[in-house]
Amino acid sequence: MTVMKTSMRNFFAHKGRMALSAVAVLLSVAFVCGTLVFTDTMNTTFDKLFAATSSDVTVSAEGASDTGETTSGNGKPPAMPAAVLDQVRGARGVQSAEGSVFSSAVTVVDADKDNLSPSSGAPTIVGSWNANEARTMKVTSGAAPKGAGQIMVDADTADKHDLKIGDEIGVITAVGTHTAKISGIATFTVTNPGAAIFYLDTPTAQRALVGEPDVYTNVNVTAAAGVSDDQLKKNVTAAIGADYKVQTAKETADANREEVGDFLNVMKYAMLGFAGIAFLVGIFLIINTFSMLVAQRTREIGLMRAIGSSRRQVNRSVLAEALFLGFVGSVLGIGAGVGLAIGLMKLMGMTGMNLSTDDLTVAWTTPVIGLVLGVVVTVLAAYLPARRAGKISPMAALRDAGAPADAKASAVRAVLGLLLTGAGGFGLYLAAAADKASEGSLWLGLGVVLTLIGFVVVGPLLAGGVVRVLGAVLLRAFGPVGRMAERNALRNPRRTGATGAALMIGLALVACLSVVGSSMVASATEQLDKTVGTDFIIQSDQGKPINSQAVQAVKDAPGVERVTEYKILDADLTTPDGKTSKKQSISAADPSYATDLRTETVAGKLADAYRPDSMSVPEGFARDHGIKVGSKVDVAFKDGTTGALTVRAITSDDVVIDKGSMYASIATAATYVPADKMPLDLLVFASAKEGQQDAAYTSLKAALHDYPQYTVRDQTDYKEALKDQIGQLLNLIYGLLALAIVVAVLGVVNTLALSVVERTREIGLMRAIGLSRRQLRRMIRMESVVIALFGALLGLGLGIGWGATAQQLLALEGLKVLEIPWPTITGVFVASAFVGLFAALIPAFRAGRMNVLNAIATE
């Protein structure tokens, strides 16, 4: 009880000093709990949606995925004849059955040809209005569609795009473009996760989406009273045979949930990873806080030992303070995490993914995880300072406060740090020298962990040399004030090292990712310049196939000299070694593709692969199966017949674009695949007539004006798009890493604040002999800048090393250019100085306001 009273007294006596450590715990716990609440809420939202939309039994066409429609290569959803509906209705236990047609391989535009698809990446779905849809949608304005000239839209999409009844809508599919006017607006009765939904009547949907009358993509079956879903599934399967996919409501919901869950899990674990980084940074803050508090209370602890307190009691007293700090910070963090989750939901709502707070899900495990994590991390971080406190002897009561051992890092620590850093560096060397990326990645991971730990351990040893160099470059110009700031930073290398290490971790990751991202862009750009021989690339950014009307528009565009079509076909390959490789992709293109993409070969000529009944295989595949130029490969095309193709070329694996592709001509594929089963183009390449590149570019954009789902890019556009994609990903990662950097800044603030308290008497004496308030504040700011720049130098240097090693692994995949983004690195270094200035504002202000006489009188 006495230990607890002492702990609480000390905690509240230093509550201001504990506040920033509590904020670090709060932020880290909030990020963890917010992530869990947000993903659990999304799961709840989708679960309700899937439960509401799943009929007792669903019959899908052959080729449909577990989640429903899968668009085949021809851009149309797999369909089944209307006769199946009659067969289903005749099955035992069926109360009712209804056929429906829907597709997500669509683009919907308004009268101005503006795309109405969600910006969040959620799907656009066009389907037939039926009783199953009426379970989740209610017509709130106008009427349901009747006839080819009418279409209904969901209320969220109508509000977002300011659509009204009577407005004209265009539905673009592989079949063609169907136009209709809005007849009604329907509102979701469950939470809409962001999809844009449009409804046609059933006959119109059949013609517009599939191009055939009397077909359905799904049959929704309702069970009669007393018939279970499993029994109904057996009865329906018996009635229609095994040629169709039959699923119960649970199976359909589980399949949808699994598909969404994979995405949510990736997002959840990525965000938790960044929360872990923030926790790691917070550990340094907590260690520093308790180390400094223990050092400042050396005399007090010595007196406690002199009057009978045992080492164990002193140790427990410090750990009890940490326990209380972790508990308070975690409880506040749990509440903040719920608020963060709501904020994320609102943010997602702005991007089009609507999540209702009515579905807010806080599982009992979330606060438990947050509380346990926050408390355990805080107590573990305080263990070393607590152990140090327990070693303080009663004689310490006769000495000035401060632990002499803190003046410099121990020799053991220095040796251990150097060994860890050396081992990590050797791991990075092995990663860079690896022959296979899979092997090198293991060494890279080990090297990153060991060098990070090594730099943290050896930080105090590095602090002396680095701070002196920074002082000579930056501080000496400020005279005595600059020299005092340098000496203050050098006074306690362990403290400076720990504070700088907190900032080092976040900046090391920033530098590493910057190097990797820049190298990827530079490598891909070099490959584009070296291999792409076409002027324009036409594709869908959503991966949709290019319909035949759009391809014809490209061919008819003025100024275009050559058009190359590019398709992907699935096939099973039986190689000369007798092995069969299932579901291989064959890239079928026009012969001009060999000119449009100058892929290197290790044997034969790529142009020969486009001869009749010919193909190419990649180098690795040829090596694994003993294939040489002239070898025969039996190719069983999906939806077609089997042909014996002759290998005319073996392509190099040392490429980035189309790496591992097998090539054949469209004419060869057409020999074995019926025209109605031939997939649509995935890409189209166009080359302009000599000297007419600009005119052709303009004409292509005009030709595809009615097809906004496709984008025309020249090589410059393509490079910019690639750069933007990687840049957006990096910006997202930097935003998540900002949490760790914020916690590191709090560490600098806390270190300076406690350092000012520790030096109260010294500050009073300096003020008494003539140091002005302005000079005092400047000294503290300079000390903060040096500590921040020390952490930045370590972090950026470490990150560049990690990034350069990672690029060597990417070089094994063809990304051979190492590019260090010096403007970004320099900008981050300069920004670190401003971080130091910002962190010093409050400590410097408090130091400047000290009463000189009271400061001198402080013991």
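Start at 1 with the first residue, then count along the sequence.
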Original post:
Would you say N731 and Y734 make side-chain contact, with heavy atoms under 4.5 Å?
Top reply: yes
Original post:
Do the side chain of R468 and the main chain of G464 share a donor and acceptor less than 3.5 angstrom apart?
Top reply: yes
Subject >> Exceeds 12 heavy-atom contacts within 6.0 angstrom, atom CE of M484 >> reply: yes
Original post:
Does atom CZ of F327 have more than 12 heavy-atom neighbours from other groups under 6.0 Å away?
Top reply: no
Subject >> Criterion side-chain hydrogen bond (donor to acceptor under 3.5 Å, both in side chains) on T805 and W443, from CA distance to verdict >> reply: CA-CA 10 Å; T805 305; W443 288 114; over 6 Å; no
Original post:
Under a 4.5 Å cut-off applied to non-hydrogen side-chain atoms, are M504 and L452 in contact?
Top reply: yes
Original post:
Is there a side-chain contact between L793 and V469 (heavy atoms, below 4.5 Å)?
Top reply: no
**OP:** Indicate yes or no: at least one non-hydrogen side-chain atom of V29 is less than 4.5 angstrom from one of F279.
**Re:** yes
**OP:** Please name the residue in the list L340, L272, T366, L344 that meets the side chain to side chain contact (heavy atoms under 4.5 Å, CB included) test with T35.
**Re:** L272
**OP:** Taking atom CZ of F426 as the centre, report whether more than 12 heavy atoms of other residues, nucleotides or ligands fall under 6.0 Å from it.
**Re:** no
Original post:
How about R774 and R778: do any of their side-chain heavy atoms sit closer than 4.5 Å?
Top reply: yes
Original post:
Do you know which two heavy atoms are closest between F31 and A275, and how far apart they sit?
Top reply: CD2-CB, 3.4 Å
Original post:
Does the side chain of V25 reach to within under 4.5 Å of the side chain of L332, using non-hydrogen atoms?
Top reply: no
